[in-house]
Amino acid sequence: MEAADVLRSNDIGTMVTAAPALYPHLWSWDAAFISIGLAHLGVERAGQELRTLLAAQWADGMIPHIVYGDRGGYFPGPGRWGTAELSASAPQAPLTSGICQPPVHAIAVGRILEVARRGSDEDRAAGEKLVLDSWESLYRWHAWLARYRDPEGTGLIAVVHGWESGMDNSPRWDRPYSAVVPGPDLPSYVRLDRELVRDGAERPTDVEYDRYLWLIEEMRRVSYDPVKVYETCSFLVADVLVSAIFAVASDVLADLGDEFGMPPAQVADLRAWAARSRAAVAASCSPETGLARDFDRRAGAWIDVETLAGFAPLICGGLDADAERALISTLHGPRWAGHPDLVAKVPPTVSPDSAGFKSREYWRGPQWPVVSWLFGWAHARHGHAAEAQRLRSETLELVGDGAFSEYYEPLTGEALGSRRQSWTAAVILDWLDY
Ligand code: 2M8
């Protein structure tokens, strides 16, 4: 009931904001997870959430990472991006940011349909209508990623900003960000997040923020043209977790396409993208650690930083059975989710045994319930039922304080970041209704 209350109280009518104060707008991948939670309260409202997001899809196919509502309260706001003035592809309304986030949306549509089919006739009809109404938009979104973020057809999808990964300040990005040098003409700005999360150690640093804002300047200068962004942006990294999500979401979308009679040529595209990305994720694995790696396209080098993203092959499959079993054991073993110092056996974003581990700092160590759900969903899909159950019960334990926090301190279980974060409540609702 409390999880449902979080979603209802963050619902401003047209959208469920990602969090009440810190994130008072709609975020792309949050909206997908939120819609899964909403499905348990009513399939129609779940579909509406995705429709709000898809209504902001750019003409070229990109789904933007933020869709702004009409309240301010977040920096950077639409004025800082200037997408409506600068890009012919961006919508004039609603206003959006100029980058994207991980493509989890087809996963959400698939899950909503499952939930809908267990409900009333109206729920079932609403779930099926959502598939029919969203399929083409999602196909165009996947086509955009394949075309503009992997123009050489490697299978690894690139991000041009740490925000696009969703794991904004992960140590994965430290080296690529060290090559992002803000110019003296970076317009001044005032962070609002630091007013809302008082403990600075829980948020990215000011040095990091300067780089985040500088990348926006670079993109403004090429009017968000995706070809020029790819060519000129000083941050360009092939993201192995985004690629794994892209692969499995393409599988889900292709299966829905077959079932609902969508054009066979488009379904074939999705299957080809899925196969290519799955193979590329598997091929990225480090011979030493077995973990998948990002590739810094600007530096031309693999990023050998050990983080939770290294378990990307467990999201999309594609390893041989022995390698997959070994990776599962590592994820649930004593260096990661089974680390003896953790309060709950939920994977931290960085292992406590890693030099880069920071127990309170955002994507540098804390446990994120939403990421745990994603791994749990993938475990169930790939036949690892016991491990899926463990993630579910351990995450429910972690969030048992009822704060529905954005993230948790792994060594103490302390709630961190925003309270009443929508995607945390949403995945808990889904798990309670399994
Ligand atoms: C965080 O990112 C935003 C920028 O997009 C921020 O820090 O202001 C990340 O955790 C991201 O993954 C998430 O989608 C967003 C909203 O919850 O917050």
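Both ligands and their constituent atoms are indexed starting at 1 by order of listing. Just the heavy atoms: all of them, side chains too, but no hydrogens, waters or symmetry mates, feed the values below.
- The 12-atom threshold is exceeded at CD of Glu217, counting heavy atoms of other residues, nucleotides or ligands nearer than 6.0 Å.
- The protein atom (non-hydrogen) at minimum distance from atom 7 (O) of ligand 1 is Tyr362 OH, 2.5 Å.
- Below 4.0 Å from some heavy atom of Gly166 lie the following atoms of ligand 1, by number and element: 9 (C), 10 (O), 11 (C), 12 (O).
- Between Trp368 and Trp363, the gap from one ring centroid to the other is short of 6.0 Å.
- Checked against a 6.0 Å centroid threshold, the rings of Tyr212 and His161 count as neighbours.
- Geometrically, ligand 1 and Gln421 share a nitrogen or oxygen pair separated by less than 3.5 Å.
- A donor-acceptor contact closer than 3.5 angstrom is absent between the side chains of Asp5 and Ser9.
- Ala126 and Val43 make their closest contact through CB-CG1, 3.8 Å (heavy atoms, listed as atom of the first residue, atom of the second, distance).
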What do the steps show when you test Tyr74 against Trp27 for ring pair (Phe, Tyr, Trp, His ring centres under 6.0 Å), and what is the final call? CA-CA 12 Å; Tyr74 179 77; Trp27 263 256; 4.8 Å; yes

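- Comment: Asp206 engages Arg191 in a salt bridge, judged by a side-chain N to carboxylate O separation of less than 4.0 angstrom.
- Remark: ligand 1 atoms within the under-4.0 Å shell around heavy atoms of Arg203 are 6 (C), 7 (O), 8 (O).
- The ligand atoms of ligand 1 that sit less than 4.0 angstrom from a heavy atom of Trp423 are 12 (O), 13 (C), 14 (O).
- Scanning the protein for heavy atoms near atom 17 (O) of ligand 1, the closest one is Asp30 OD2, 2.6 Å.
- Among protein heavy atoms, the minimum distance from atom 4 (C) of ligand 1 is reached at Tyr74 OH, 3.3 Å.
- Close contacts between ligand 1 and Gln101 involve ligand atoms 11 (C), 12 (O), 13 (C), 14 (O) [criterion: under 4.0 Å to a heavy atom].
- Between Arg45 and Glu49 a salt bridge is recorded (basic side-chain N to carboxylate O distance below 4.0 Å).
- By the criterion of a heavy-atom distance under 4.0 Å, neither the backbone nor the side chain of Leu22 is placed next to ligand 1.
- Remark: distances from the non-hydrogen atoms of Asp168 to ligand 1 include one below 4.0 Å.
- When only interatomic distances are considered, the shortest N/O to N/O separation between Trp363 and ligand 1 falls below 3.5 Å.
- If you number the atoms of ligand 1 from 1 as listed, the ones under 4.0 Å from a heavy atom of Trp29 come out as 11 (C), 12 (O), 13 (C), 14 (O).
- Shown here are the ring pair (Phe, Tyr, Trp, His ring centres under 6.0 Å) partners of Trp273, two or more places apart in sequence or in another chain: Tyr139.
- At a heavy-atom distance under 4.0 Å, only side-chain atoms of Trp368, from C-beta outward, approach ligand 1.
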